[in-house]
Amino acid sequence: MELIICKDYEEMSRKAASLAADSVRQNPRALLSFPGGDTPLGMVHAFADLVNAGEVDISKARYVSLDEWVGLSDTDEGSCGLFNRTELLGRLQKPFLDAHIIDGAAKDIEAERKALDAYIARYGPLDVSVLGIGMNGHLGFNEDGVDFGLHAHIIPLSDVTKKVMTKYFGEKCHPEYGISQGIAQIMAAKKVVLIANGAHKADILAQAVRGEVTNRVPASVLQNHPNCFVVADEAAAAKL
Ligand code: GLP
């Protein structure tokens, strides 16, 4: 793991965006994946800025979303799909060749899971997987206790995630499951960029980076990734 400590959220966002852009410069036909949540907002905006300024050409690259709340579609407030469509795809003046956004509200969620696997199998492996870290150490919806061998899967949300999720959609909905790329797909990525900001992430980030590799803290698996960057602001990196 290469640790990159940034002075603040803006620097973290720019650094992560530039690492993602480098992957496209290395392989114009790259497959990229970014997370949902609060952490990546600045990063996806910075990435879109690079694209719009002509500093990276994504016209041959593809994008796949990381995860979604089961029951939520890309029009639902707080969904990862809406985040992807508005904060990333909608800002791009020159779009990706193609983008696959998980539909958590699909009637046949098993078919949706298979479609995610098929998309990554066809265009992957991921050239770059940017990830956030949950308060329980989850990556995407690879919750604590997850099987590291899984590809795309549907998984019950942990109690910690259920508590935290009210920040995205209040009491309006109560998802019980997540659909997510699996650790096997994340670990097969040519580059992984884990981003974290804020003092509330300091403990879990330290467990992931310095603690034992265990599925109790899924992000700890990244210690075994050959090309992983941890990009954190000073507050999140305080206990490293
Ligand atoms: C969410 C998402 C993850 C995200 C993580 C951290 O529930 N499923 O993809 O990385 O939890 O979210 P945040 O950035 O809001 O702290």
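None of the values given here were measured: they were computed from a predicted structure. When a ligand or atom number is given, it counts from 1 through the structure's own listing order.
Counted by atom type alone, Q26 and D127 present zero donor-acceptor pairs between their side chains at under 3.5 Å. The closest side-chain donor-acceptor pair between Q185 and H151, if any, does not fall under 3.5 angstrom.
For R210, there are no side chain to side chain donor-acceptor pair (under 3.5 Å) partners, not counting sequence neighbours.
With respect to D117 and R113, a salt bridge is recorded, a charged nitrogen being found less than 4.0 Å from a carboxylate O. A salt bridge does not link E112 with K107: every distance from a Lys NZ or Arg NE/NH1/NH2 to an Asp or Glu carboxylate oxygen is 4.0 Å or more.
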Quick one, Y177 with W69, criterion ring-ring contact (aromatic ring centres under 6.0 Å, His included). Give me CA distance, side-chain angles, the key distance, then yes/no. CA-CA 6 Å; Y177 293 88; W69 309 92; over 10 Å; no

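Within 4.0 Å of ligand 1, contacts by protein heavy atoms are made from G36, G37, D38, T39, L66, D67, W69, G132, I133, H138, G140, F141, K167, Y168, K201.
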